[in-house]
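The shown structure was predicted, so the numbers you read here are calculated from the model rather than taken from an experiment.
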Amino acid sequence: MTRNRWLLLGSAALAVLLVLAIALAVPTLRDHGLRYGDGTPTGGGTQIPDSDSLFLPGYDDSPADFELSDPADATGDPITASLSLEDDAVRIGGTTGLSFDARELASPLWNSEDSNLTITLSQLDRPALRFGGNGVDRQMWWTSSEEPAPGWAEATVTPEDLGRVAAVAEEVDALVTIDLDLGHDDPARAADMAAHAQDAFGARLLAVAIGNEPNGFFHENQPQLTVRDDTWGPGTYQDSLQEYSTELEQAVPGIPVAGPGAYDAPWWRAFAESEIPNQRALSMHWYPLWDCTGPASSIANPTVEDLTSPALRERAREIVEMGRDVAREHDLPLWMEETGPTSCPGTNVTSRTHAQALWTVDYVLTLAESGVERTAFHSTLQACQGGAPMSPICARGTLEEPGQIVEGRTSYLALMLLGDLPNGRVLTPATSGTGDVKVHGVVAEGGELALVIVDMRDPSDDAVEAVPVQISAPEGAGEVAQDGWDLTAGSRLDGESLDATESSLAVPAPIDAVQTDTHLARAHPLAVMSEPGTVTHLHLDVAASGPSPSDGG
C-alpha cells in the first residue's frame, strides 16, 4: 500500500470505507506491528523486533480529522496566491529521494533481515536512489573477479552487493542511478561495473554517470580531493568521457549516461557537447549554504536565518535555471542528483532542525517549478550521533558501531510529506508578501489538486501570528475540473521552533474545517490559515458540481 492512497479521502465516510477495504485486502502497517517514534508497538502487547520497526520521531500514522482554523478570525491583510499550469510543467511522483556515497553500496544494511532500511525507505513514494559522492572516484573499489583491493580502497563493491541493493530497489519501487569511478582512469573496470549494474537493476537503472563532480578533481581550494593535475579541465574531461563511453558501448550497448554531476556551467556544457551517445540527462549538484565562514552580509551562511530566507529560494531559482537553459539547449532533462542544505563540513546550527524540514519541502517544489525532474538529497547510513549531521536518514547505533537499524530525521518527514502529493505536474506559483509564506501546487492527471503552503516564520516568536492565505483556482487547469475542487483532506508538518531538533507530521486525514467554505473554483478563491513554522498540505478532489449558495458561490 502506498501512502498516497490517503489522499483519496474525500469524506469521512469514504475514509471509513477505505480503511475497511484495506483491512480486509492488504496487510497494513499495523498488521506488521511496526513501531513509530518512541518504539511503542502500534498493535500493542507483542514486542516487535527493531528490524520490523519504523523509527520516525514525530510521525503519526493514525491522526484525528485534520482541522483548519477560520481565516475570518485573523487580523491583517491576507496573502494572495495564484497558480498556473504551463505547457512545460515538470511531472513529479517517484522523482525525489536520497543520494548515497558509492561506498555505501557495500553496506550490510541493504536487503538484510537484521535491518529496517527497506521498510523505512518504503515510507517514501518510489524514492529516487543515487550512488556516487566523493568516494566513488577516491575510495571505492569495484571488482567482479574477487581481486584483492588496492591500498587506497575503503570499500570493495561486488556484483553481490549490487544484487542486494537491487532487491531493495525492487521492494520500494525505486529508480536508480550509479556513478562510475573516473578518478582512477580505468574505463574497462567502470564498464564492467556498469554491465553488472544493468544485469542487477534492469529497467530500474535509469542511468550511469562517469565520475562524480569532475570539476573538483583538481581545485586549489580542495587539495584533499585532488585526483588529477593542473592540466585537468573541461577539455580533458571530454577526452575521458569519450574513452569511457567507448568501453561502455562495448560492454553495455545503449546504456544511458547522465552527467556531469557538477556545479559549474563550463562543465555542464562540456558534458552536453561531448557528443557521447545515449546521453540521458544533464545533472547538477548544489548546496545552497556553501559560504562556511562567510560574512554576515552573505545569504549562504550555514545558519537557520539564511536557510529560511526567501532570498535563498530566489538564488536557487537563478542557479537552477542556468542549468535548465543548458539542458534545454541540448534537449536533455535536468536532474539535481546530489544536494542538501550545506556543503560545510560537520555539524552546524542548521543540522537536524525543523528549519531543515521546512526548507526541504520548499526547495524540492522550487526546483521542480524551475525545471528539475529528479532530486536526491545526499545521505549516509552512518550513525545519527557524530556521523550524519545533515542526512535525512541515519543509523541508531554508536559512531564506532552504527548498526543496521535506521531512523528518519526532520527532513525525512519532509520527504514523506512530498511523497503524499499526487503524481502530476507542478504549477507555477505567484505569492504576495515578503516570501516568508509561499504557496506551491500540483495537479494530477485525474484532476485532483494538491496545495502546499510553506510558512518559514519562526513559531517560537510570540509576535508572529497566523495569517490568512487566499488561493485562486489554477489557470490552465480548469478543463480537468470545470466545476472546481472541493477540499477533502490535509496534513501539516509542524515544529515548536525553527531550531527545534524534531518535527511532527501526520498521515493526510479528512478535513474537519471550522469554516464551511471549502470549495475552490474560478472567481471563488479558497481561504485558509497558515501557521508560523508549518507546511500545510491540502488535498482537493474534483467537484461533482459547483458550490452551493451556502458555500458563498
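- Contact of the Val372 side chain with the Val90 side chain is not registered, since no non-hydrogen atoms from C-beta on lie closer than 4.5 Å.
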Could you go step by step and tell me if Lys438 and Leu365 meet the side chain to side chain contact (heavy atoms under 4.5 Å, CB included) rule? CA-CA 11 Å; Lys438 185 69 176 180; Leu365 294 173; over 6 Å; no

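- Of all heavy-atom pairs spanning Val442 and Pro422, the tightest one is CG1-O, 3.6 Å.
- You'll find the side chain of Leu415 reaches within 4.5 Å of the side chain of Leu98, heavy atoms only.
- Between the side chains of Gln279 and Ser274, at least one donor-acceptor pair of N or O atoms lies under 3.5 Å.
- The shortest non-hydrogen separation linking Val349 to Pro302 is CG2-O, 3.4 Å.
- The heavy-atom pair separating Gly346 from Ser351 by the smallest distance is O-OG, 4.5 Å.
- In terms of heavy-atom proximity, Leu334 sits nearest to Val320 at CD2-O, 3.8 Å.
- Residues Val364 and Met336 are not in side-chain contact: their nearest non-hydrogen atoms beyond the backbone lie 4.5 Å or more apart.
- Looking only at distances, a side-chain donor or acceptor of Thr488 sits under 3.5 Å from a matching main-chain atom of His539.
- No donor-acceptor distance shorter than 3.5 angstrom exists from the side chain of Thr380 to the backbone of Ala388, with no hydrogens or angles considered.
- Listed here is the closest heavy atom pair of Asp512 and Asp65: CB-CB, 3.5 Å.
- Expressed to the nearest 0.5 Å, how far CD of Gln470 lies from CD1 of Ile79 amounts to 11.5 Å.
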For side chain to side chain contact (heavy atoms under 4.5 Å, CB included), just list the numbers for Arg315 and Trp286, CA-CA rounded to whole Å, side-chain angles, deciding distance to a tenth of an Å, and then say yes or no. CA-CA 11 Å; Arg315 183 58 176 160; Trp286 192 53; 4.1 Å; yes

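- The main-chain N or O of Asp306 is never found under 3.5 Å from a side-chain atom of Ser309 such that the two would form a donor-acceptor pair.
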Quick one: do Tyr412 and Leu124 satisfy side chain to side chain contact (heavy atoms under 4.5 Å, CB included)? Show the steps, please. CA-CA 9 Å; Tyr412 200 82; Leu124 306 181; 3.5 Å; yes

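- A donor-acceptor contact shorter than 3.5 Å links the side chain of Ser391 to the backbone of Ile393.
- Contact check on Arg457 versus Glu531 returns no salt bridge, with no Lys/Arg side-chain nitrogen under 4.0 Å from an Asp/Glu carboxylate oxygen.
- Put simply, CG on Leu129 and CG on Leu206 are 11.0 Å apart, with the number rounded to the nearest 0.5 Å.
- The side-chain heavy atoms of Thr347 and Arg352, taken from C-beta on, include a pair separated by under 4.5 Å.
- Here the CG atom belonging to Leu421 is positioned 5.0 Å from the NE2 atom belonging to His537, to the nearest 0.5 angstrom.
- Of the N and O atoms on the side chains of Ser84 and Glu86, at least one donor lies less than 3.5 Å from an acceptor on the other residue.
- Salt-bridge annotation for Asp362 and Arg313: present, with a side-chain N of the basic residue lying under 4.0 Å from a carboxylate O of the acidic one.
- Asp77 places none of its side-chain heavy atoms less than 4.5 Å from the side chain of Pro468.
- For Glu496, the CD atom is loosely surrounded, since the number of other residues' heavy atoms within 6.0 Å does not exceed 12.
- Just one residue in the list Asp173, Thr96, Asn423, Thr95 forms a side-chain hydrogen bond (donor to acceptor under 3.5 Å, both in side chains) with Arg126, and that residue is Asn423.
- Atom-to-atom distance recorded for Thr534:OG1 and Leu505:CG is 12.0 Å, nearest 0.5 angstrom.
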Take Arg91 and Glu373 through the salt bridge (charged side-chain N to carboxylate O under 4.0 Å, His left out) test and state the conclusion after the steps. CA-CA 7 Å; Arg91 297 179 183 276; Glu373 298 186 15; over 6 Å; no

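- Within the 3.5 Å criterion, the main-chain N or O of Ala500 finds a donor-acceptor partner in the side chain of Ser497.
- Across all non-hydrogen atoms, the minimal contact from Asp291 to Cys344 is C-SG, 4.3 Å.
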CA sep, side-chain torsions, deciding dist, call: His440, Thr431, side chain to side chain contact (heavy atoms under 4.5 Å, CB included): CA-CA 9 Å; His440 304 276; Thr431 309; over 6 Å; no

Determine, step by step, whether Arg280 and Thr177 satisfy the side chain to side chain donor-acceptor pair (under 3.5 Å) criterion, reporting the C-alpha distance in whole Å, the side-chain angles of both residues, the deciding distance to 0.1 Å, and the verdict. CA-CA 11 Å; Arg280 178 63 180 84; Thr177 55; over 6 Å; no

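- Taking the side chain as every heavy atom from C-beta outward, Met390 and His378 never approach each other to under 4.5 Å.
- Within the model, atoms CZ of Arg409 and OG1 of Thr501 stand 10.0 Å from one another, a figure rounded to the nearest 0.5 Å.
- Here OG1 of Thr410 is found 8.5 Å from NE2 of His354. Values are rounded to the nearest 0.5 Å.
- Between the side chain of Glu104 and the backbone N or O of Leu381 there is at least one donor-acceptor pair closer than 3.5 Å.
- No option in Thr518, Asp541, Leu449 other than Thr518 meets the side-chain contact (heavy atoms from CB on, under 4.5 Å) test with Leu487.
- Judged as a ring pair (Phe, Tyr, Trp, His ring centres under 6.0 Å), and not counting sequence neighbours, the contacts of Tyr237 are Trp267.
- The backbone N or O of Asp458 sits nowhere less than 3.5 Å from a side-chain atom of Ser460 that would complete a donor-acceptor pair.
- With sequence neighbours excluded, the residues forming a ring pair (Phe, Tyr, Trp, His ring centres under 6.0 Å) with Phe131 are Phe100, Trp110, listed by chain and number.
- Remark: the backbone N or O of Val542 is not paired with any side-chain donor or acceptor of Asp483 at under 3.5 angstrom.
- Within the 3.5 Å criterion, the main-chain N or O of Ala72 finds a donor-acceptor partner in the side chain of Asp70.
- No donor-acceptor pair under 3.5 Å is formed between the side chain of His285 and the backbone N or O of Glu213.
- By the 30° and 60° cut-offs, the orientation of the rings of Trp359 relative to Tyr363 is parallel.
- The shortest distance between side-chain heavy atoms of Ile453 and Val437 falls below 4.5 Å.
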